[in-house]
2 protein chains.
Amino acid sequence: MERRVKRVIVQKYGGTSVESVSNIKGIARKVALEKAGGQDLVIVVSAMGDTTDELMKLADHITTRHHKRDLDMLLSTGEQVTVALLCMALREEGVAATGLTGWQAGISTTTDHGGASILSIAPERIQGELKMGNVVVVAGFQGITGDGDISTLGRGGSDTTAAALATKLGAERCEIYTDVEGVYTSDPRYIKNAVMISSLTYEEMLTMARRGAGVLHPKAIEHAMPHNVPLVVRSSMSRVGGTWIHGSPGKGVSHPVCGVVFHKGRFCYTLSPIQNRMEIKRLISSRLTLWGMEYDTLIEEGGDTLAFLVAEDDLERADSIFDRAGAIVRRDRKATVTVVAKDKKTCPVIRDKVRQILQENRIAFHTIENCTNHVTTVVEESHAIDLASLLHSAFGLDEVQAFEAAGIY
Amino acid sequence: MERRVKRVIVQKYGGTSVESVSNIKGIARKVALEKAGGQDLVIVVSAMGDTTDELMKLADHITTRHHKRDLDMLLSTGEQVTVALLCMALREEGVAATGLTGWQAGISTTTDHGGASILSIAPERIQGELKMGNVVVVAGFQGITGDGDISTLGRGGSDTTAAALATKLGAERCEIYTDVEGVYTSDPRYIKNAVMISSLTYEEMLTMARRGAGVLHPKAIEHAMPHNVPLVVRSSMSRVGGTWIHGSPGKGVSHPVCGVVFHKGRFCYTLSPIQNRMEIKRLISSRLTLWGMEYDTLIEEGGDTLAFLVAEDDLERADSIFDRAGAIVRRDRKATVTVVAKDKKTCPVIRDKVRQILQENRIAFHTIENCTNHVTTVVEESHAIDLASLLHSAFGLDEVQAFEAAGIY
C-alpha cells in the first residue's frame, strides 16, 4: 500500500476561489486533474468568503474587547469548514483526500494569539498520508501553541502556512492561487499601465510585499527564501500568467526597476525638539522591534527632530511606546511610495531621479534611511497614487509589454 | 496561584439556551453568579441553534454521500464556535474562562465517526485550569480518535460528554440544562396529563430514555451510573423543577409506575416461514449487536415466524443484515409503547393490565421478550399516542400531582 513520495507541490487557495461551494467544487476538479497526472499534492485553504467576517460579527455582539485566545478558537473554525468541504468535493471527483487542521498538520507556533509565527512543523502525518496516495488538505492560518491552544497567524496567514509547509516538505514549488493573475509592477486597480511580472527574486518580492504589493505576505517569502523553494503567484481562474519568485534572477530581459508600490495608512510620529537624539532613537527602535513591529526612521532636513513611520495596524501599540518617549510627539497620517530596484547599485541613480520628479511636481516629501534595493519616499496620502503613476512612467514601466516574458515557467 | 479544587459541578447547555448570542450571554450571567458563590464549574455546550443544520446544508450542496471523517471535521466546528463565544461572554462578566475543544479536553473516542463512543478522558488540562480558578468550557459531542482525527458522538453527544466528564472528574453532580423542566411521566406534547418526575434511579431513567423519553441520551446515563454521579435534568429558563437521577430511590412517596413512554418509527422485520429458527435468531442477533444496534425480538403468537424491531436510524444497516438472512422478510413501520415500573416484581401485574386495556380497546399488538423493569408492546404507529394516553390514565399517572415531590433536591 505504501508508495514512494515524489516531490510534492503545495497549493494555496484563498479569496474568490473558496467563496462558494461551487468554487470549491471547481478547485476539486482542478486538483483531481493534477492528481490524475501523478502529482503529489498538499492543498492549503482559507476560510470561505465572508465566514471570518460573520464570525467576527458574532463575537462583536458579545464584546469588542476580544480575548485573543478565544478569538483564535472562534476564527480557526472558518478554515476547518473549507477543509472538510474540499475533502468532500475531492471524494466526489474520485480523489482520496485527508483534511487536517493546523494542529493535526503539526504546525507549532508562538503563543502570540492573532499574530502567531510558525516555530516548527512535524511533517509525519502529512508525509504518511502522501505515502498512502492521498491528497492532503490543510487548514491555513492556524497552528497550535506549546500549551496546546489554537493559534492564528494573522493576515496573510494561509500564504505563510503554504510556504512553511512547502519548505518543510522540500516541495518542488508552492503555488499561491489568488484573485489576480500575478504580481504587477504596481497596483493595477490604481495604475492603469501596471503589467504583470513573470519573475522576481525573493529579495525583490520581499521588498515589493513589505512596501505595499498586497498580493503575497512577507512572512510567506521569509519561509521559502532560506530553502530556495520557488513560489508561484497566479489566478485560480486562468492558466495563463503567474509570477515566479525564486532565488536567482530570471533568464529573460531584465528591467532595472521591478515596480513602484505604495502604502497608504502609514503613521508618522515626529518627536521635537529633543535632546539625546541618538539615545532616544535607539530606545524607541528597540521597543518597536521588541513588539514585532516593522517601522522606518525618517531623515529630517532640519536635524533636531526624530521621526518614525509605522503601519495603521500597529497604531495602538506604537502610541503606547511613543507616549513613554518623553518628547513632544505629533502623529500624522502619510503614505509611502517605493521604487523597487533589481540591483542595489542603481539605487543612487534611482534616488536622484525620484527627487527630481518630486521637485518638478512640487510634492513635499521625507526620505527613509537604510534603503538597500529600493528607494522609498514619504508623502501626504493624497499624493500617493499620483506620485506612483509618475514614477511608473518615469522608470519606463508603462512601456514594458511582457515583463521578463522569457522567465522560468 | 494554585489552589485546591473543590468538587466540581458539570453543567451542559443545549437547545434554546445556546440558540442566540443573547441566550449565551444569559448562560454567562448565570455561571458568573454560581462562580461568585465559590463553585468550581465545567460547562459543556452544544452548537448554536441551527448551526449544525446550516453546516449540513453546505455539505449537501457538495454531496449527499458524506464521508464520515469529513463530516465530523465539519460539524465539530459548531460546538467550537459556542465555546469561544461563551468564554468571551464569561470574561465580560468578569469570569476567567478557558475554552477547550474535545481533543483539548482529552476526550478519546472510538474511530466510529458520526457515532463514536468515549473510551477515556485525560483530565489533566481541565484539572489544571480549575486549579487556576478558571471556569472550563468544553465543546460537547466531540473527541479525538487514536489516529488524531476529530470524531463526533452522534445524537445526544453533548449529554454524553457532560456525564463522562462528571464521572472522570468525580463531580458533585452533572446538570443537564434543556428546553423542558425535567423528565415527564410521558411526552407532555402529546399526553396532556403528563407530570414532571422529581426523582428517578439510573435504571428507571435508562429504560425511560431507551424506550422513548427524548430528554436525555441513554449513553449519558450509562457513563454516570457505574460511578454514582447524580444527573439533574432541568430547564435553563427556570430555577424550579428538575429531575434528579441517581443510584438509590428517592425518599418521597413512590408510585409503582414511573411513566409511559413511546417510540414511533420502529421497524419490524418479519421472517417467515423459517427453518432453523433458533439458529437464524442467534445469527441475526449477533450481527445486530456487532453493529452496535439496539433491537428487540418479538414474540409471535403463531410460532413459525421470527420478528425483530429496530430504530429508523438503523434502517440501512438492518436492511443489509436481513437481506443476507435467507428467509422471506417483511418490513413494517410500527411503534412501541412502554410502561416503566419502579420494581420488576410488579411487571407481571402490569403486563396483565396492559393486555386487558389492549383487548378492551381492540388494539392489535405484539409482545417483546426479556422485559426487566418495563412492559413494552408493539402496535401500529397510528395507535401509539392513544394507547399511551390510555395506559397513563390506567396506571394512575394522571392523578399524580407532584410526583415524588419530596425528592432529594
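Chain identifiers are assigned alphabetically (A, B, ...) following the order of the sequence lines, protein sequences preceding nucleic acid strands; residue numbering begins at 1 within each chain. For the numbers below, each heavy atom of this structure counts, side chains included, while hydrogens, waters and symmetry mates do not.
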If only atom types and distance count, is the side chain of A:R69 paired as donor or acceptor with the main-chain N or O of B:G99 below 3.5 Å? yes

A:D70 CG to B:L90 CG distance, which is reported to the nearest 0.5 Å: 9.0 Å

Cut-off 4.5 Å, heavy atoms of chain A, and the answer for B:L71 is both

Output the distance between atom CE (B:M88) and atom OG1 (A:T63), rounded to the nearest 0.5 Å. 8.5 Å

Heavy atoms from other residues, nucleotides or ligands near NZ of A:K30 exceed 12 (cutoff 6.0 Å): yes

I'd like to know if the side chain of A:R91 and the backbone of B:H66 have a donor-acceptor N/O pair within less than 3.5 Å. no

Residue B:L55 versus chain A: region with a heavy atom under 4.5 Å: side chain

When the 4.5 angstrom heavy-atom criterion is applied to A:I144 and chain B, the contacting part is side chain

For residues 78-85 of chain B, give me every residue with a non-hydrogen atom less than 4.5 Å from any non-hydrogen atom of chain A. B:Q80, B:V81, B:V83, B:A84, B:L85

Measure across B:D147 and A:R125 and return the closest heavy-atom pair with its distance rounded to 0.1 Å. O-NH1, 3.0 Å

Taking non-hydrogen atoms and a cut-off under 4.5 angstrom, which of residues 102-118 of chain B neighbour chain A? B:W103, B:Q104

